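First up is the structure itself, then whatever we jot down about it.
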Amino acid sequence: MELETIRSYDWGIMAPELIILGAATILSLADLLMPKKASRRYLAIFAFLGVACALVALFMQLDNGVISILADTYRFDSFSKAFKLLFLIGTGLILLLAFDDRKGERDEYRGEFYYLLLTALLGAMMMASSADMITLFVGLELLSLSSYIMAGLRKRDRQSNEAAFKYVVNGGISTAITLFGMSYIFGLTGETNLYAIQNALGDPTILQNQFLLVFAFLITFVGLSFKIATVPFQMWAPDVYHGAPIPVTAFLSVVSKAAGFVIMIRFLLVTFIAAPGVAEKPLLQEVQPYLAILAGASMIIGNLIALRQRNIKRMFAYSSIAQAGYILVPFAVISGLMFEAVWFYLLAYLFMNIGVFAIIQLVTAKSGSTDISSFAGLYRRSPWIAVCMTIFVLSLAGFPATAGFIGKFGIFMSALSTGAHYWLAGIMIATTVVSYFYYFNVIGQMFFRSEEEAGKVSIPGGVLTVTAVCVISTLVLGILPHTALEFFYNQFDLSQFFTPTK
Amino acid sequence: MTGEMIAFFILALVAICGGVFMIHSENVVHMVVSLIFTFLSIAGIYILLSAEFVAVVQVLIYSGAITIIMLFGIMLTKHDPKSEKRIAKSRILAVGTGVVAFFIIMFLAINKLSFKQQDVELYVHNVKKIGIELYSKYVIPFELTSILLLVALIGAVVLAKKDESEEMNEHE
């Protein structure tokens with residue numbers, strides 16, 4: 001390849017990624033050169049500015065069409081911009097949370113935390129904006145590796161150690177499974193570009209291996225389900241969410257999970273969209289029952305086990321397994337409404353879940369325990385915080401006038417629109433009703449229990465901003481959902497997703 | 001049966017045996033040694049496929065670097081020579097059935113394998129071609145890998161570094 005060809009690409013389109021990379025590099029150098037005793041807390045502001053700049057850069061690019069660099073190893077299209085937006089907003093909010101996280105008391109490893117968060121974000125963004133198996137995989141690993149380290153940064157905390165260890169071992173197994181599945185796809189087609197694979201799967205000689213193809217699809221799916229924490233790879237979530245510092249938990253449950261959905265949708269849908277299955281039906285239709293069973297199992301297991309939890313972090317870990325099960329529904333039934341349903345639910349989930357973790361961080365830091373009883377009598381101590389928490393929890397439960405309701409409604413409609421998936425919609429309703437029990441348990445603690453400890457919970461600036469943004473977004477998306485949906489319709493063009501760049 | 005077939009069977013047998021020994025061995029050092037056998041025989045299979053570059057990389061990275069890292073890990077950590085408690089029979093049975101079922105499915109699928117026209121001259125200028133692809137077409141994932149390695153390095157330093165407070169405790 002000539003230098004001219006390489007120069008001819010529009011490298012400016014990588015600006016958001018390059019800004020994040022630059023911010024991470026500068027932060028790591030600053031952390032190295034700063035005096036040992038100096039507080040690293042304010043590095044969070046710099047990291048936040050980096051994320052904000054990347055967001056601005058992304059907004060300036062919104063009107064571009066499909067831009068591909070070096071055979072789609074970097075690809076800017078409507079899919080990537082829609083989801084990069086989610087990652088950037090989520091990470092920005094989590095940085096503000098981390099700014100006020102004082103549980104560690106000592107400041108050590110704070111600097112590392114900030115730039116590892118940025119590299120994790122970079123991995124997620126690359127996963128959204130690539131249509132090449134190799135880049136997707138390297139992005140996935142960058143995200144995973146950064147998260148493993150972040151989970152274990154509190155070295156003297158036994159739970160944090162346990163969390164990091166379990167995360168690393170489970171993550172290693174899932175990576176091996178993903179790679180095994182990908183190796184079959186590559187072996188059969190000889191291509192790494194997703195659109196080239198899509199094309200090659202139309203070849204009649206390759207098509208004689210349909211059986212192997214279905215298997216490769218399922219293996220890859222199972223491997224990738226680790227990132228979104230659904231059945232069969234859900235059991236790491238409670239322990240890791242419980243042990244990791246709260247900003248990390250929020251990151252894992254929101255940004256990392258969204259990135260998992262992104263790679264799943266991009267990789268599996270683009271490659272297999274035209275592939276025929278073993279019988280007459282197309283492959284994607286043939287595997288639907290299996291995906292639907294996995295989605296249903298995630299909803300049932302997540303919600304049922306959450307009922308028994310007394311620890312607030314574990315409860316929301318199981319709740320996040322169930323939520324991932326809901327988001328898997330539109331993917332399992334593959335309807336035309338899939339993209340908007342998944343995108344909107346992930347957006348809503350981002351705000352409500354980060355909001356929940358912001359308040360958990362406040363309350364548990366005050367009481368020093370993560371038991372649900374630390375929420376007892378919160379309404380009498382700090383009414384505003386209790387009201388905000390109620391809004392988030394109601395939204396997670398899917399009550400009208402909140403973002404969660406609109407999101408769930410969209411998923412429900414997509415499950416019904418394809419027909420023959422009534423039982424999946426039924427499971428969704430039943431498990432949602434079950435989830436009311438534990439969500440209302442939290443509300444009941446806040447409003448109807450007498451307080452065990454006195455004292456107002458004071459709210460520092462960073463968490464206040466996060467909570468305010470999350471409450472407002474949850475309500476606005478719930479009452480005026482078309483603001484977000486219209487933006488999505490204007491920006492998102494389905495045809496860009498499935499057709500290769502000319 | 002051609003010579004290639006015989007060589008393949010021997011290498012494959014050694015690779016599988018190495019893996020099985022690794023799982024069954026109770027001594028950590030024995031595990032590492034059996035793993036080396038697996039790595040080396042896989043490198044041999046690569047040579048049979050005339051992928052010399054990958055074979056050399058396999059020997060350098062896996063048989064060399066990774067094995068040495070594991071030995072360092074064994075040296076630097078405390079580990080009980082006693083083996084862990086036994087796993088329940090039912091669990092072994094369940095996992096065993098799963099493995100057998102998986103093998104049968106994959107075996108049936110692979111038996112009917114058909115490929116499109118293969119490139120026959122892939123081995124010509126093998127290393128040069130890989131180099132050109134890596135530094136032109138795949139330069140973005142290549143650079144991303146360097147960030148990945150940096151993250152891994154930072155992580156290793158952070159997690160392995162001795163804290164000042166710990167040091168002070170030891171001096172007391």
Side-chain angles (χ1 to χ4, degrees), chain A residues 1-2 5-6 14 17 21 24-25 28 36 69-71 73-74 106 108-109 112-113 115-116 119-120 122-123 126 130 132 134-139 141-142 145-146 148-150 152-153 155-156 161 164 184 187-190 192 200 203-216, chain B residues 19 49 54 66 73 77 95 98 101-120 122 129-169:
Chain A
M1 200 173 289
E2 298 297 313
T5 351
I6 291 183
M14 284 182 81
E17 278 84 359
L21 176 60
T25 320
S28 64
K36 260 192 169 175
I69 298 179
L70 289 170
T73 48
Y74 184 90
R106 266 162 299 191
E108 51 179 354
Y109 306 128
E112 281 87 353
F113 172 73
Y115 57 79
L116 286 174
T119 50
L122 180 70
M126 287 310 291
S130 170
D132 191 278
I134 296 178
T135 322
L136 285 176
F137 183 73
V138 177
E141 279 307 282
L142 183 56
L145 233 71
S146 311
Y148 300 153
I149 303 164
M150 283 194 291
L153 266 186
K155 275 159 64 178
R156 263 180 297 278
N161 291 345
Y184 274 98
L188 287 173
T189 57
T192 58
D203 190 316
T205 21
I206 293 177
L207 284 186
Q208 288 164 20
N209 309 307
Q210 303 118 330
F211 188 62
L212 201 57
L213 266 182
V214 174
F215 226 69
Chain B
L49 296 167
V54 186
I66 291 197
T77 50
V95 173
F102 187 76
F103 172 78
I104 292 172
I105 292 173
M106 286 322 254
F107 186 72
L108 288 178
I110 289 173
N111 250 345
K112 293 186 285 183
L113 208 57
S114 63
F115 287 111
K116 59 178 177 181
Q117 189 64 40
Q118 299 286 296
D119 284 325
V120 275
L122 274 178
K129 276 183 197 160
I130 292 177
I132 290 174
E133 284 278 288
L134 195 60
Y135 295 108
S136 62
K137 191 175 159 196
Y138 292 106
V139 73
I140 294 175
F142 179 78
E143 292 297 333
L144 210 57
T145 315
S146 67
I147 303 166
L148 182 76
L149 289 177
L150 183 69
V151 167
L153 186 71
I154 291 169
V157 169
V158 167
L159 295 182
K161 197 169 85 179
K162 206 167 198 179
D163 288 327
E164 277 164 34
S165 50
E166 276 174 38
E167 275 168 33
M168 268 157 54
N169 286 341

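In what follows, every chain begins at residue 1, and chains take the letters A, B, ... in the order their sequences are listed. Worth saying up front: this structure is predicted, and the values here are computed from it rather than measured.
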Using heavy-atom distances under 4.5 Å, tell me whether [X] contacts chain B through its side chain, its backbone, both, or neither.
X	value
A:Leu21	side chain
A:Leu116	side chain
A:Asn161	neither
A:Leu136	neither
A:Tyr148	neither
A:Phe137	neither

| How far does CD of A:Glu112 sit from OG1 of A:Thr119, to the nearest 0.5 angstrom? | 11.5 Å

| message | Measuring from atom CE of B:Met106 to atom OH of A:Tyr184, what distance do you get when rounded to the nearest 0.5 angstrom? | response | 3.5 Å

Would you say [X] and [Y] make side-chain contact, with heavy atoms under 4.5 Å?
X	Y	answer
A:Phe215	B:Phe102	yes
A:Thr135	A:Tyr74	no
B:Pro141	A:Thr73	yes

| said: Please classify the contact of B:Ile105 with chain A as side chain, backbone, both or neither, using a heavy-atom distance under 4.5 Å. | reply: both

| request: Counting only heavy atoms closer than 4.5 Å, note whether B:Leu144 contacts chain A via side chain, backbone, both or neither. | output: both

| said: Using ring-ring contact (aromatic ring centres under 6.0 Å, His included), reason through B:Phe103 and B:Phe107 one step at a time and then give a plain yes or no. | reply: CA-CA 6 Å; B:Phe103 172 78; B:Phe107 186 72; 5.6 Å; yes

